[in-house]
Student: 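Take this structure first; my questions come after.
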Amino acid sequence: MKTFSFNAGVAFKQYKIGIWKEFFRKSIHLCSAFIPTLLALAYYPVLVLLALALVGYCIAEFLRLRGKEIPFVSKITAVAARKRDENKFVLGPVTLVIGIIGAALLWEPQAARIGIYSLAFGDGLASLVGKLIGLVHIPFTNGKTAAGSLACFFAVFASAFAVCQNATVALLLALVATVVEVLPLTDFDNIIIPILVGGIAQTVL
């Protein structure tokens with residue numbers, strides 16, 4: 001009985017740590033929703049700052065893997081890293097920034113905004129909701145949940161509709177983002193979602 005209680009306590013503690021890590025990671029995703037507004041205010045300076053942040057992060061990660069901690073940056077990376085990223089280069093922030101820059105460079109402001117919002121809200125909320133209340137897992141998706149997919153769909157639909165005011169287009173974009181998000185693409189959905197959704201938005205609007 002004591003062994004069962006101890007194991008249950010350890011499992012619950014690990015669950016809480018996992019939820020906290022997921023919340024911390026996805027808060028970074030959600031913060032990327034501010035990027036379209038910043039791009040509207042200072043397009044090229046923001047892109048340059050994003051590129052510099054990407055380069056700086058890559059340097060910090062390479063140094064971290066060689067045992068040289070960079071104050072603040074390496075700590076945040078270690079806290080936000082998933083279990084699968086332990087002792088590896090944490091790729092999530094790289095693909096996140098590439099996806100945002102790609103959407104901003106490829107598409108017009110309205111379409112880029114929709115693409116970046118899809119990444120920020122759709123992908124950001126999907127994983128968090130899935131961790132919190134996801135009980136039904138979708139087969140062959142590496143643990144994706146029905147609750148997470150529904151959260152992605154409604155988040156993308158709401159954010160796309162807020163930008164384009166077209167329910168049909170918002171529905172299409174939400175379906176596309178949800179399909180991409182549910183695929184087992186690891187961190188590369190950070191690139192595909194904003195670029196693909198933004199491209200479709202620019203085509204149909």
Student: What pairs of residues pass the salt bridge (charged side-chain N to carboxylate O under 4.0 Å, His left out) test when at least one of them lies in residues 135-155, not counting sequence neighbours?
Tutor: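 The answer is K144-E181.
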Student: Which residue pairs pass the salt bridge (charged side-chain N to carboxylate O under 4.0 Å, His left out) test when at least one of the two sits in residues 32-50, sequence neighbours left out?
Tutor: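 Applying salt bridge (charged side-chain N to carboxylate O under 4.0 Å, His left out) to every pair that reaches into residues 32-50, excluding sequence neighbours, yields nothing.
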Student: Can I get a per-line list of side-chain donor-acceptor pairs under 3.5 Å for residues 30-39, giving both atom names and the distance, sequence neighbours left out?
Tutor:
residue	atom	partner	partner atom	Å
S32	OG	H29	O	2.4

Student: Write out all pairs satisfying side chain to side chain donor-acceptor pair (under 3.5 Å) with one or both partners inside residues 89-100, taking only residues at least two apart or from two chains.
Tutor: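 Non-adjacent pairs meeting side chain to side chain donor-acceptor pair (under 3.5 Å): T95-N190.
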Student: Flag yes if L119 and L91 sit in one hydrophobic cluster, no otherwise; membership is Ile, Leu, Val, Met, Phe, Trp, Tyr, and two members link when side-chain heavy atoms are under 4.5 Å apart.
Tutor: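 Yes, one cluster joins them.
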Student: What pairs meet the salt bridge (charged side-chain N to carboxylate O under 4.0 Å, His left out) rule with one or both residues in residues 190-205, with sequence neighbours excluded?
Tutor: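 Residue pairs passing salt bridge (charged side-chain N to carboxylate O under 4.0 Å, His left out), neighbours aside: none found.
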Student: List, one per line, each side-chain donor-acceptor pair under 3.5 Å for residues 52-60, sequence neighbours excluded.
Tutor:
residue	atom	partner	partner atom	Å
Y57	OH	V90	O	2.6

Student: List, one per line, each side-chain donor-acceptor pair under 3.5 Å for residues 40-49, sequence neighbours excluded.
Tutor:
residue	atom	partner	partner atom	Å
Y43	OH	A104	O	2.8

Student: Scan for side chain to side chain donor-acceptor pair (under 3.5 Å) pairs involving residues 109-119, sequence neighbours excluded, and state none if there are none.
Tutor: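 Found R113-Y117.
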Student: Throw together a table of side-chain donor-acceptor distances under 3.5 angstrom for residues 147-158, partners on residues two or more places apart or in other chains.
Tutor:
residue	atom	partner	partner atom	Å
S149	OG	T145	O	3.3

Student: Return a table of donor-acceptor pairs under 3.5 angstrom between the side chains of residues 194-205 and protein atoms on other chains or two or more places apart.
Tutor:
residue	atom	partner	partner atom	Å
Q202	OE1	E108	N	2.6
T203	OG1	G199	O	2.9

Student: Kindly state each residue pair satisfying salt bridge (charged side-chain N to carboxylate O under 4.0 Å, His left out) with at least one member in residues 150-170, sequence neighbours excluded.
Tutor: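 Of all non-adjacent pairs touching residues 150-170, none passes salt bridge (charged side-chain N to carboxylate O under 4.0 Å, His left out).
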Student: Who pairs with N166 by side chain to side chain contact (heavy atoms under 4.5 Å, CB included), at least two apart in sequence or on another chain?
Tutor: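 Residues passing side chain to side chain contact (heavy atoms under 4.5 Å, CB included) with N166: C164, T168, V169.
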